[in-house]
Peer 1: 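Below is the structure I would like to discuss, written out as structure tokens.
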Amino acid sequence: MPTPTHTRSHRPAADGVEIRLPWWAVALPAVAFAALLLMILSPGQAQAATTGDPTLGQLIERTLQLLSR
């Protein structure tokens with residue numbers, strides 16, 4: 001007579017627990033990444049923009065001030 005084999009029950013790892021993130025948990029890292037990318041890319045662009053069109057340079061400067069708060 002063959003020996004009985006034990007079968008494992010396949011249970012889900014979380015047993016129905018659902019993890020949901022609030023909207024700001026996704027939005028804040030995305031905004032922080034965009035702000036850092038803008039800070040990295042803007043010094044060269046801001047310098048070139050101020051020589052050609054002072055309005056564009058002021059707009060970039062104001063945007064950086066608002067993002068740094």
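Every value quoted in this text rests on a predicted model; they were computed, and no experiment measured them. When a residue number appears, it is its place in the shown sequence, counting from 1.
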Peer 1: Is there a path of hydrophobic side-chain contacts, each under 4.5 Å between heavy atoms of I/L/V/M/F/W/Y residues, joining Trp24 to Phe33?
Peer 2: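 Phe33 and Trp24: separate clusters.
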
Peer 1: With the 4.5 Å side-chain cut-off for hydrophobic clustering, are Val31 and Leu67 part of the same group?
Peer 2: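 Different clusters.
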
Peer 1: Rounded to the nearest 0.5 Å, how far does CG of Leu28 lie from CH2 of Trp23?
Peer 2: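 Going from the CH2 atom of Trp23 to the CG atom of Leu28 covers 7.0 Å.
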
Peer 1: Between CG of Leu64 and CG of Leu59, what distance do you get to the nearest 0.5 Å?
Peer 2: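 That separation rounds to 9.5 Å.
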
